[in-house]
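Reading through the C-alpha cells given below for one structure.
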Amino acid sequence: GSSTNNSAADATPTAAASSDAETIKIGTISPNTGNLAAYGEAVVNGINLAVDEINAAGGVLGKQIVLETLDDKGDAVEGANAFNKLADDSNVCAVIGSVTSGVTSGLAPLANESKIVLLTPTATADTVTDADDYVFRACFKDSYQGRMAAKFAAEVLKVKKVAVLYASGDAYSAGLREAFIAAAEEFGLEVVAEESSSSTEDTDYSAQLTNIAGSDAEFLFAPYYYSSVGPYIVPQARAAGFDGVIMGADGFDGTIATMVDDKSLYNNCYFTNHYSPDDTSAAVQNFVTAYSDKYGAESLNALAALAYDAVYMLRDSIVKANSTDRTAIRDAMSGMSFSGVTGSFTLDETGTPEKSVAIIEFKDGAAIWNSTLGN
Amino acid sequence: MLRVENLNVFYGAIHALHNISLTVEDGEVVSLIGANGAGKTTTLHTITHLKEAQSGIIEYNGKDLRKAKDNTIISLGMAHVPEGRHVFRNMTVQENLEMGAFVMKDKVTVKRNMDMVFEYFPRLLERRKQTAGTLSGGEQQMLATGRALMSNPKIVLMDEPSMGLSPLLVKEIFKIIKTLHVNGITVLLVEQNAKMALSIADRAYVLETGSISMSGKASDLLKDENVKKAYLGA
Amino acid sequence: MNTPVLEAKHLGITFGGLKAVDDFNITINEGELVGLIGPNGAGKTTVFNLLTGVYQPTEGAFFLNGNKMNGKKMHEVVRAGIARTFQNIRLFKTMTVLENVKIAFEMDFKYKLAHAFFRLPKYWKDEKEIEEKAMDLLKIFNLESKADYIANNLPYGQQRKLEIARALATGMKLLLLDEPAAGMNPTETAELLSCINVIRERFGIAILLIEHDMSLVMKICERIVVIDYGVTIAKGLPKEIAENPKVIAAYLGADDDLEDEEDTKEGA
Amino acid sequence: MSDQLVTFVLQILNGLKIGSVYALVALGYTMVYGIIKLINFAHGDFIMVGSYALLYTMPIMVSMGMPAWMAVVIAIAICALVGITVEKVAYKPVRKKGNNMSALITAIAMSLFLENLAQTIFGAAPKPVGTIFSFPDMVFGEVKINGNTILTIIIGVSVMIALQFFVKNTKLGKSMRAVSEDGQAAVLMGINKNRTITMTFAIGSGLAAVASLMYCASYPQATPTIGAMLGLKAFVAAVLGGIGIIPGAMLGGIVIGLVESLSKAYIGDLTGGVITSAFSDAIVFGILIIVLLVKPSGILGKNVGEKV
Amino acid sequence: MKKSSIKSSLINLVVLIIVFGILIVLCEFDILSNYIRGILMVCCISIIMACSQNITVGYLGQIALGGAGFMGIGAYTAAIITKAMASANILVGEGVPDTLRFLIAILAGGILAAIFGVLVGIPALRLRGDYLAIITLGFGEIIRVVIQNLKFLGGKGFSEGSAGQALVGINRISNLYVVFWVMVICVALMYTFIRSKYGRAIIAIRNDDIAASASGLNITFYKVLAFTVSSFFAGVAGGIFAHYIGSLSAGSFGWLKSTEYVIMVVFGGMGSLTGSVIAAIVLTALPEALREFSDYRMLAYSVALIIVMIYRPTGLLGTYEVSVTRLINKILGKKEPSLHAIKAEVEASGTKEEEVVK
Ligand SMILES: Nc1ncnc2c1ncn2[C@@H]1O[C@H](COP(=O)(O)OP(=O)(O)OP(=O)(O)O)[C@@H](O)[C@H]1O
Ligand SMILES: Nc1ncnc2c1ncn2[C@@H]1O[C@H](COP(=O)(O)OP(=O)(O)OP(=O)(O)O)[C@@H](O)[C@H]1O
Ligand SMILES: [Mg+2]
Ligand SMILES: [Mg+2]
C-alpha cells in the first residue's frame, strides 16, 4: 500500500543535497518545455508530491529521496541524452519516464543496455514494454483500454452503431483506435464512421464531426487528451449536431479544467480511467486534496496520478529489494503487486499492470464514477 | 549656406574621406569632380545622413546637420538625387513623384511641381502610370531627378545625373541645372562628365582618393593643366 | 562572308500594350562591330534581352550562324555563342576575379560529379587548364595581378572590364556590350576603347555595342543602328548617322549654347 | 435540401469559420512582411500573447460591468506593446547589421522565446477562456450558421478594407510602402523610417489581438503554443494569397480554411479511404505548392520580375 | 596547387587520425560516459545535417525549411532495410560485422532521400526566397504526414506495423567509431563538391542568377543538383539517426527540426562548412549544458540565438573556413595571404551594402 498520512505542507525540499550514502537518487524524464510541456508539468507535479510525502515520512530505507528532473522536450534525442546522463550517474538507482510513447520507445532499449529500471508512468503504446526486461509502466496499455471502452459501449450502454475520431499522427490516439476497432467487432459493434485528424493538437474538428453527426452513429469514440476534449472536441461535436455518447480514454482526465462555460455540453460523455477522483478511498482522496492544495486542480489529471503512483511503485520495490542496487530493484519490481491511487494491480510478464478500469462520466461539469470494468 | 569642415568617413577599416572641407554659397552651382572611387558619392551621402561621419562639421544655414534627424533634412530644403537612382520600383511614376513631395502640405504646389517635372521630362508624362521598376535606365534617372525637384528644395545634391542618359538628355539635364541656377536654387553637382560640370558650375572641388586636391573657380579649373590631363581627357 | 554571325528578322516584343521593340532587323558579319544607339527607353536593352533569351520575342526570329535561336533559355543561347554584359554591372560580387572568369568557362569543364567528389585526376587537369586560360584572359585586361581580389573590391572601371572578360570566357561568337563606358571618366573610356580593339584582333568576334558616349561610338563602330520607341529610325555608317536629321532630333540634339557633347569625353 | 447538400453547406461553413480566423492572422503577417520583408515567425505568438491578455483582463472587464469583449482594447494595447518591444530589442538591431537570413532566424528565436516565456509565466497547462460573446446562431432551415463565424468574417473584411485604404491613401501608409521598397530613398523623402516600422509593428501586433479575440471566441483555450501552428497556417495563407498583398491575405485565409474543411470532410470518400482526413495539412500544403508553381507569387501576387 | 593541396589533405588526415585516436582511448578506457558518447553521436549527425543544409541555405542561398523531411526519408528507409535484412537473415550472424549492414542502410537512405530531393527540387526551385522556404516546409510536412499514415512504417514495421505508432525495434548498430568516419567522409565529400566547378556554380547562382545564366550556367540543373546533394547527406544523417535512437516517430521530422538545422547553418556562417561543424557541436551541446537551468534553458537558448544574430549576423565564421594547414603555418610563423579571410570580410560588408543599396 502507499503511505498517505502526510500533508504536503511539511515536506522537505527535494533538492536537498546530501552525501550519497544518505540519499536515494531517482531520475525523471518528461517533456517540461515545448508543446507537450503541459503533460510534463502534471507528471513532475505528481512525482514531486509523492517524493515529498515519502521524504516527510522518513524516506526509503531510512534515506531521503533526491530527484534529478530532466527535460526531453518531447524529442527522442533529448530523451536519449537525458537518459544517458542519468544512467551514467551511478547514484541514480532508477528512472521514471518518459511521458509519451514515442520518446519512451527510444529509451527502452537504452534501459536494457544500461541495466537500469525505466518506469514510465504514462506511455501506453503496446510495444513500449514488449522487448525489454528493465522497462515497466504504471499505466495500462492502449489495447486494453480501447477494448474496455468497446466493452462498455456494447455491454453497459448497449449501443450498436459507433463512430471513431482519432489522431493518426499520435501514437496514443492511433493505438487506442486500433484496439477499439478490433474489440468493436468482438462485441458486435458496427463502426459506421471513421474520421481522423493529423495530430492531437488540432483545434478544429468541425469538418470530421459534421460527418459523424451526419452518420447514424449513437456513440463516438474519440481518444484525445483533455486539452482538446474540453475546448474543442465536445463543444464542436455538439455544435455539429452530434448528441450521442462521446467516449474517450484516460486522456480525458483533466477535462473539467478545460471545459467551456456551458457545462451541459459534456453530459453524456464517458472515459476509461486509471482511477476516479471521487473514489472515496483514502488513497485517492488524500492524493486529490494534497495535489489540489499544492498545485491547484487545474493540472490534476490521470497523468499526475500515474506519476504519483510510479514513485510509490518504485519505493515499494526498493523496500522489497532492501537495496538501491539497480538490478535488485528490477527483480523486485518484476511481477510486483501494488495498490495506489490508480488502483490495485499486478505487473504482467512484460511489466504492464493488469488492472481494472474506472469508467468516469461527466455530469454538469463534474466527473463522476460510473462503474468499474475488468476483463 | 552649406559648410563642411574636416569631415572624416570610414567604411569599416577603409578611410574613405580624409578631412574634407567645402562650402556652397547660396545660389551657387558647385561641382565635385574626381575619379571613380574618389569619395564623391560618400560626401553627398554623409551630408544627407545616408552615411555616418566619424568626425567633422556639417553645417547648413547655421544649423548642425549631423545633429538633425535624418528624415528632417528634406524639410530643411535639401534634396538629394542619389547615385543608382533609388526609385520606388513598385510604385508608379506618378506615385514616385508624389513621394518626392511627401513633406509638402500644400496640394496645389505639389500639382504645380509635378507639371513642372513633366515639362522638364515629357517622357515621364508618357510613362506616368508605369511602375518605376520597369522603366529603362535613363527613364529612371529622369524620375530620380524629377522626384528631387518635387519638394521645392533650396539646395539639390545631384550624384551623376547624366549617367546613362542619351546625349540629348544630358544636354537637357544641364539645361535644367541652369534653370535651377537662374531660379536661385543652389546645386551641389557630382559628375564624371567633368567638362560639362565645370562649364556650368561657379566653383568646383576636385576630390582625389578621399581628399580635396584642388578647388577654385570652375572656369579656372577648366583651364588647369592637371585637371585637363586627369579628368578632361585632354 | 558566307552566313552572317547574327541575323535578326522582324523581332518584336510587347509589354502589356507597350511595343518596346518593333520590327527590329539586323545582320552582323564576322568580326564586325555594330553600334546600337537611341534615346533612353528606346528599347536597346530590350533588344539585348531578346537576343540572349531573357525575354522571348512575341514576333520575329533571330539566327546565330544560321541556327534559329528563338525559344532558347539564356544559358542555351550563351552556349550557342551569344554572350553579353549588363547595363548595371552584374558580377559575382563575393567571388574572386579569377573565379568570376572560371565560372564562364562552363563549357570547357569536362569533369563529372564523381571526379569532383573524389578529386580524380581529371578534376585536377581541367581545373589547371582552365585556370591558365582564365589567367590569359585576365592578362588582356591587365587584371592578372588582381586575380585573387574579390570582385566587389575592384574599382568600377575594372569591374566593367572583368564583366567583359567573363563574357569572353564563354567562348562566344557574338558579344553584346550594354553601355560599357557608362560612369567612366574620359581616361577610363579611352582604356576601354583600346581593350575592345585588342579583343577584336585576338578573337575576331563580332560585337554589338550599346553606348551613349558618342565619342566612343563614332570612333569604333563600323555601322550604327538607331532605334527610337522600339522602331528603327536609321541605319548606316557613323558619319551618316551623325548627320541624319531624324537622329539629331531624337537623340543627339542640335548644338546649342552648352558645350558640345562630342568632344567632351574625347581624348587620350 | 438533400442531406448531402446540407452537409456540404455545413462543411463550407466550417471552412469559413477557421478560414476567417486564418485570414485575420494572415493580415497581420502580410502587413509586416509587406514593409520589412521579414517573415515574422513570432506573429503567431503575438496571438498567444493576445489570448492570455484576454484571459486575464476579461474578468476585470466583467467585474467593472462592461462586456467581456471590451478586454480586446487592453489586449490590443498589450500586443502592440509586445510587438514594438520585439521590434526594438531584436529585429531592429539585426536589420541594421544583418541579412535576410539572420533576420529570419531572429524571428524564429523570438517565437521560441515568447513561447517559453509564456510557459514560465503562465505555466504549460491549458487555460480555458470564458465565453467572450455569444452571438446568436442564424438558422436557415436545416442549416445553422454560427454567429461567431459571421462576425469573424465581417471583422476580417472590414479590417482588410480599412488596411487597404490605410496603406494606399494615408500618409503613414504611403511611407510604409516607400520604406518597404527603398528605405534609403524613403529617408531622403523625409520619411521617419524607424517610426514607420514601429508603427507597422504596432498595427500588425494590434491586429493579432483582434485575431486572438475571434480565435478565442471559437476556440476558447489559451496555451503557450497555440500560436505556432496557427501562425504557420496563417503564414501559408498569406503566401497563398500573395504575401504583402492585403486582400491576398484575406483570400488566402479563406481558401486555406475551405480546403482544410472540405478535404477533411470528403477526401476519405473520394480516395476510397487511401487518403484520410488526417492528410488535411498535407493537402493544404499540396494546394499551396500547386498554386505557387502555377503562379509563383500567389493568387493575387503581381509577378514583377527583375529588370535586366 | 596540386602539391599544396595534397599536403594539406595529409595534414587534415593526420589531425583526424589523432582526434580519432584520442576518441578511442577515451572510449576504451571508459573516460567518456555513455552520456558524452551519445552526445558525440548526436553531434556527428548534426554536423552532417548542418553541412548538408549549408549547401542549399548557405552556398545556394535559398531558404529551405524541409531538411528534416529528407532526414526522415533516410531514417525510415535505412531502418526498414536493416529490419528487413535482419528478418531475412541477410548479412547477419557470426563473423559479419553489423557495420556492413549499417553502411548499406545509410547509403540506401541517402539515395532515396536524394531521389526525393530531385522530385521536390525540380518544381520547388523555380521559386525563390520566402516562397521557397514555405514550399520546402510544405514538402517536409507532406513527407511527415505520409510517413505517419503508412502502416508498415509504424510499430514493429512491415505487416505487423501500425500507422501512427513509433517504429520500434530498430537495431542500434550505429557505432561511434564508424559514425565518426562516416561523418568525416560526408563532410569531406561536401567540401570537395563545394570546391569544384559545381560548388563554384552554386555560389555564382547565389550571387547573381541572371549573370550566372549569362555565363552559360544551367541554373535549374545546378540548383536541383545542390538540393539533391543536400538531400542525400540529410538522408545519410537520418540513417545514422535511426540506428542510434532505435525507434522513429514521424513527429521528430517536422519543420521545427528543419529550422534547428538552418539555425546551425546561420549560426556557424552561411557558406562555411567548418562553421557548420562548429555550430552543430555548439548548438547540440548548448541545450545540454543548459540542463542545469531546466525550465529556463529554452529561454536561455533563444536569447543566446538572438544575441548572436544581433552581434554577429553573418554567424560565427561568416564564409571563413578554418584550416588546420593555415593554423600550422601560423604557428610556424609562415605568412600566407589568407584569401578567404578577406572574402569573409567583404561578404560581411557586402550583405550590408546590399541592404543599403537594395
Ligand atoms: N558600402 C561600402 N563599403 C565599403 N567601401 C565602400 C562602400 N561604399 C564605398 N566604398 C569605398 O569608398 C570609396 C569612395 O567611394 P564613393 O562611392 O564615394 O566614390 P565615388 O567618388 O562616388 O566613385 P564613383 O565615381 O565610382 O561613383 C571607394 O574606395 C569605395 O570602394
Ligand atoms: N519588363 C518590362 N515591362 C514593362 N516595360 C518594360 C519592361 N522592360 C522594358 N520596358 C520598357 O521598354 C522600353 C525600353 O526599355 P529598354 O530598357 O530597352 O531601354 P533602353 O533603350 O535600353 O534605354 P536606356 O538607354 O535608358 O537604357 C522602356 O520604355 C521600358 O520602360
Ligand atoms: Mg559615386
Ligand atoms: Mg538600356
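Between E/Arg291 and A/Glu78 the shortest side-chain heavy-atom distance falls below 4.5 Å. Considering only heavy atoms from C-beta on, A/Asp126 stays 4.5 Å or farther from E/Gln165 through its side chain.
Contact count versus chain A (heavy atoms, under 4.5 Å) is highest, among E/Gly38, E/Ala250, E/Gly164, for E/Gly164. Ranked by non-hydrogen atom pairs under 4.5 Å with chain E, the options A/Leu86, A/Thr127, A/Asn81, A/Val77 are led by A/Asn81. Options E/Ile245, E/Leu167, E/Val168 differ in how many heavy-atom pairs under 4.5 Å they form with chain A, and the most are formed by E/Ile245. When the candidates E/Gly251, E/Ser247, E/Ser252, E/Ala166 are compared by the number of heavy-atom contacts under 4.5 Å with chain A, E/Ser247 comes out ahead.
Expressed to the nearest 0.5 Å, how far OG1 of A/Thr33 lies from CG of E/Leu299 amounts to 9.5 Å. From E/Asn34, atom CG reaches atom CG of A/Asp88 across 5.0 Å, with rounding to the nearest 0.5 Å.
For A/Ala108, no part lies near chain E; criterion is any non-hydrogen pair under 4.5 Å. Looking at E/Asn149, only its side chain comes within 4.5 Å of chain A, counting heavy atoms on both sides. Both the backbone and the side chain of A/Ser168 come within contact range of chain E, each with at least one heavy atom under 4.5 Å from a heavy atom of that chain. At a 4.5 Å heavy-atom cutoff, the contact between A/Ala76 and chain E is made by backbone and side-chain atoms alike. Only the backbone of E/Ala163 comes within less than 4.5 Å of a heavy atom of chain A; no side-chain atom from C-beta onward does.
Scanning residues 169-180 of chain A against chain E with a 4.5 Å non-hydrogen threshold yields A/Gly169, A/Asp170, A/Ala171, A/Ala174, A/Gly175, A/Glu178, sorted by number. At a heavy-atom separation below 4.5 angstrom, chain A is approached by E/Lys257 within residues 256-267 of chain E.
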> Going through the checks in order, is the salt bridge (Lys or Arg N to Asp or Glu O under 4.0 Å) test met by E/Arg172 and A/Glu113?
Replying inline: CA-CA 11 Å; E/Arg172 301 184 64 250; A/Glu113 271 170 37; 2.6 Å; yes
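Within a 6.0 Å radius of CD in A/Glu185, other residues, nucleotides and ligands contribute 12 heavy atoms or fewer. Within a 6.0 Å sphere centred on CZ of E/Phe116, other residues, nucleotides and ligands contribute 12 heavy atoms or fewer.
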